[in-house]
Amino acid sequence: MISLTLPYPVSSNRYWRTFMPKGFKAPVTTLSQEAKDYKRTVAWMCKEAGIRKPFTGRIELTIKLYPKRPLDAAKRMRLDPETWDDTVQCIDLGNCEKVLSDALNGIAWVDDKKHRRIVLERMEPDGDARVEIVIREMAPARVQEVLL
């Protein structure tokens, strides 16, 4: 099991860059510079956390996304104590998972097709924006005998 605290993911709207190169008949889509920088930072942080080679088996991920706490959080809490954090700017969980899967592919795990269980949760902002991930390698499921 590995626990990581990583920087807040890049928005998927800024993750890809599409352009039409001169002489091409179709647009080309590549990673943006912001995405490349994020992937580089994540790779370095994984190395610092002790990940020397990617997991090769089935993976279970628990992802907790913490948006940045706004300056007016106390006012928001006073006005709407139960759901105040619904108004805090935050990327959606699906895009968060996709950006993290791309950034950690080949570093924390061999391929994201090995993901067998993913738990995503948007947390109440408590300070700086970040994402906390727990990666567990799962034991293979036992094959059940087929009764004839």
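Note that these values count all heavy atoms, side chains included, but never hydrogens, waters or copies made by symmetry. We count residues from 1, following the sequence as given.
The hydrophobic cluster containing Met1, built from Ile/Leu/Val/Met/Phe/Trp/Tyr side-chain heavy atoms closer than 4.5 Å, also comprises Val134.
In this structure, Trp84 and Leu79 have side chains that are not in contact, with every pair of non-hydrogen atoms separated by 4.5 Å or more. Taking the side chain as every heavy atom from C-beta outward, Glu97 and Ile118 approach each other to under 4.5 Å. The side-chain heavy atoms of Leu4 and Ile2, taken from C-beta on, include a pair separated by under 4.5 Å. You'll find the side chain of Arg130 reaches within 4.5 Å of the side chain of Asp126, heavy atoms only. Tyr8 is not listed as a side-chain neighbour of Val131, based on a closest heavy-atom distance of 4.5 Å or more. Looking at Asp112 and Leu104, their side chains never come closer than 4.5 Å, going by heavy atoms from C-beta outward.
Atom CD of Gln89 has 12 or fewer neighbouring heavy atoms from other residues, nucleotides or ligands inside a 6.0 Å radius. Counting heavy atoms of neighbouring residues, nucleotides and ligands inside a 6.0 Å radius, atom CD of Glu82 does not exceed 12 of them. In this structure, Phe24 places its CZ atom where only 12 or fewer heavy-atom neighbours from other residues, nucleotides or ligands lie under 6.0 Å away. Counting heavy-atom neighbours within 6.0 Å of Trp44 CH2, excluding the residue itself, gives a total of 12 or less. In the displayed structure, Arg116 atom CZ is contacted under 6.0 Å by at most 12 heavy atoms of other residues, nucleotides or ligands.
Qualifying side-chain hydrogen bond (donor to acceptor under 3.5 Å, both in side chains) partners for Asp111, counting only residues two or more places apart in sequence or in other chains: none.
Ion pair Asp72/Lys75 not flagged as a salt bridge, since none of the NZ, NE, NH1 or NH2 atoms sits closer than 4.0 Å to an Asp/Glu carboxylate oxygen.
Between Thr83 and the choices Asp85, Asp80, Thr87, the side-chain hydrogen bond (donor to acceptor under 3.5 Å, both in side chains) rule is met once, by Asp80.
Residue pairs meeting the side-chain hydrogen bond (donor to acceptor under 3.5 Å, both in side chains) criterion with at least one partner in residues 59-69, sequence neighbours excluded, are Glu60-Arg117.
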